Amino acid sequence: MPELPEVETIRRGLERYLVGHKIQGVEVRVAKLFEGDAKNIIGAKVVTIRRFGKGLVIDLSNKYSLAIHIKLTGQLIYRGAETKGVKVSREKVGDELPNKSTHVIFKLDKDAYLYYNDRRRFGWIRVVETSKVGEMPFFKSMGPEPFPSAGSGQVKLTLELFKKIVGGKKTVIKPLLMDQTRIGGIGNIYANDALFLAGISPKRSAKQISKEEAKNLFNAIIEVMEKSFKYGGASELSFVNVLGHEGEYQEHALAYGRKGEKCSICGGKIEKIFLGGRGTFFCPKHQK
DNA sequence: GGCTTTGTTTTATA
DNA sequence: GTATAAAACAAAGC
């Protein structure tokens, strides 16, 4: 689902299209998704877009920021002069905006709009003072991440740090990878695919992973995420970029969602099990 | 209409 | 108190 590469894809889009715009108004259609005082962002200009793991922060010119988490099905779609004639994904977005999943609308200057759509309404948008973003529990407790965003102050996940995080832990490796307080940004898709690529069983205990294997796993995390940047993220559920376009990673996923299919590495058969309550895809033949 | 889905938060346990 | 595991929660499509 939307994990680091998807959120980064959105961040890059916002950086390109949203920065410089002034927010003229906010229409909140579903109140529970929007916390804080909307008045505090009216009249302010968008200055920078930061990402913390799977979270986004839009910094404004007046010392306030918008902290956003899209969870499973959130979309941020920009419409303005530059996107005139650009078609959005009919399947993921529909024919027109706003639509029935549009819960917050930001009216911008130059007759542009930013729509927040969220089919399952799990996400959130919070107005918060820029200086206090780091105090929000979700951001404060986040671990190092592989591709820290400029200005976020997030610690970069290096091989040395990764070995330290994995080393000696009693937990099972896959849930550990997905624990945002340990490593920021990895969710179910990339945890499955990184373990697959590194040839490590998701059921392994972290303490049983050798230094060499940890290195392979670290490199695999970087590799699958870079691959996803290339394909514009994974659009298995509702993910689209700010232009409303889908990503293509799901078509190139290694293990995720491939139950019963032939393993591309060893020819084995991909199985699905549950680990830590989450669907887990792996090849029992080569992932030991 | 019960089941499934995931990221995060909360509660329980060792 | 700390580390880990499990359960709860959000809402909607099938």
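Just so we're clear, the structure is a prediction, and the values are computed from it rather than from any experiment. Below, read A as the first sequence line, B as the second, and so on, with proteins coming before strands; counting in each chain starts at 1.
Comparing the local axis fitted to the first five base pairs of the helix from B/dG2-C/dC14 to B/dA14-C/dT2 with the one fitted to its last five gives a bend of 50°, rounded to 10°.
At whole-Å resolution of the value, CD in A/Glu35 and P in B/dT9 are 11 Å apart. Following rounding to the nearest Å, A/Leu4 (CG) and B/dT6 (C1') show an atom-to-atom distance of 16 Å. Across the protein-nucleic acid pair, A/Asp179 atom CG and B/dG7 atom C1' stand 11 Å apart, rounded to whole Å. Taking atom CG of A/Leu56 as the reference point, atom C1' of B/dT8 lies 16 Å away to the nearest angstrom. The interatomic distance linking A/Glu6 (CD) with B/dT6 (P) rounds to 13 Å, in whole Å. Taking atom CD1 of A/Ile70 as the reference point, atom P of B/dT8 lies 10 Å away to the nearest angstrom. Distance CZ (A/Arg182) to P (B/dT8): 15 Å, rounded to an integer number of Å. The distance between atom CG of A/Asn192 and atom C1' of B/dG7, rounded to the nearest whole Å, is 15 Å.
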Could you go through residues 87-94 of chain A and list every donor-acceptor pair under 3.5 Å that involves a side-chain atom there, pairing it with any protein atom two or more places apart or in another chain?
residue, atom, partner, partner atom, Å
A/Ser89, OG, A/Glu91, N, 3.4
A/Ser89, OG, A/Lys92, N, 3.0
A/Ser89, OG, A/Glu246, OE2, 2.6
A/Arg90, NE, A/Asp95, OD1, 2.8
A/Arg90, NH2, A/Asp95, OD1, 3.1
A/Lys92, NZ, A/Ser235, O, 3.1
A/Lys92, NZ, A/Leu237, O, 2.9

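Of the residues in residues 128-160 of chain A, not one comes within less than 4.0 Å of DNA chain C through any heavy atom. Contacts between residues 200-211 of chain A and DNA chain C, defined by a heavy-atom separation below 4.0 Å, involve no residue at all. Shown for residues 162-171 of chain A: residues whose heavy atoms fall under 4.0 angstrom of DNA chain C, namely A/Lys169, A/Lys170, A/Thr171.
Residues A/Phe52, A/Val57, A/Trp124, A/Val128, A/Val133, A/Met136, A/Phe139, A/Met142 make up the rest of the hydrophobic cluster containing A/Phe138, defined by ILVMFWY side-chain heavy atoms closer than 4.5 Å, directly or through other members.
Between A/Leu14 and A/Val242, the shortest heavy-atom distance links the atoms CD2-CG1, 3.6 Å. Among all heavy-atom pairs drawn from A/Lys32 and A/Arg121, the shortest one is NZ-O, 2.9 Å. Residues A/Thr130 and A/Ser65 come closest through the heavy atom pair OG1-OG, 2.7 Å. Contact between A/Pro146 and A/Gly184 at its shortest, heavy atoms only, is CD-O, 3.5 Å. Here the closest heavy-atom approach between residue A/Ile186 and residue A/Leu177 is recorded as CB-O, 3.4 Å. When all heavy atoms of A/Ala198 and A/Leu217 are compared, the pair lying nearest together is CB-CA, 3.8 Å.
Note: A/Phe34 and A/Phe106 have tilted aromatic rings, judged against thresholds of 30 and 60 degrees for the angle between ring planes.
Side-chain atoms of A/Asp59 do not come within 3.5 Å of backbone N or O of A/Arg50 as any donor-acceptor pair. For A/Thr83 (side chain) and A/Val86 (main-chain N/O), no donor-acceptor pair under 3.5 Å exists by modelled atom type.
Annotation: side chain to side chain donor-acceptor pair (under 3.5 Å) contacts involving residues 10-24 of chain A, sequence neighbours excluded, comprise A/Glu8-A/Arg11, A/Glu8-A/Arg12, A/Arg11-A/Glu15, A/His21-A/Tyr78, A/His21-A/Asp109. Residue pairs meeting the salt bridge (charged side-chain N to carboxylate O under 4.0 Å, His left out) criterion with at least one member in residues 135-151 of chain A, sequence neighbours excluded: A/Arg51-A/Glu145.
With salt bridges taken as basic N to acidic carboxylate O contacts below 4.0 Å, none links A/Glu271 and A/Lys269.
Residues forming a side chain to side chain donor-acceptor pair (under 3.5 Å) with A/Thr280 (at least two apart in sequence, or on another chain): A/Lys174. Residues meeting the salt bridge (charged side-chain N to carboxylate O under 4.0 Å, His left out) test with A/Glu35, sequence neighbours left out: A/Arg126.
Position along DNA chain B of the nearest nucleotide to A/Ile186 versus A/Lys272 favours A/Lys272 as the more 5'-ward residue.
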Scoring nucleotides 9-14 of chain C by protein non-hydrogen atoms under 4.0 Å (B base, S sugar-phosphate only, - none) yields -BBS--

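The structure places CD of A/Glu27 at 12.5 Å from NE2 of A/His103, a figure rounded to the nearest 0.5 Å.
Side chains of A/Glu6 and A/Tyr190: a donor on one and an acceptor on the other come within 3.5 Å.
Regarding contacts with the backbone of B/dT9, every side-chain N or O of A/Lys71 stays at 4.0 angstrom or more from both OP1 and OP2. Residue A/Tyr256 places at least one side-chain N or O under 4.0 Å from the OP1 or OP2 atom of B/dT6.
When the side chains of ILVMFWY residues are joined at heavy-atom separations under 4.5 Å, either directly or via intervening members, A/Val172 and A/Ile209 end up in two distinct hydrophobic clusters.
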Nucleotide N/O of nucleotides 12-14 of chain B paired with protein N/O under 3.5 Å:
none

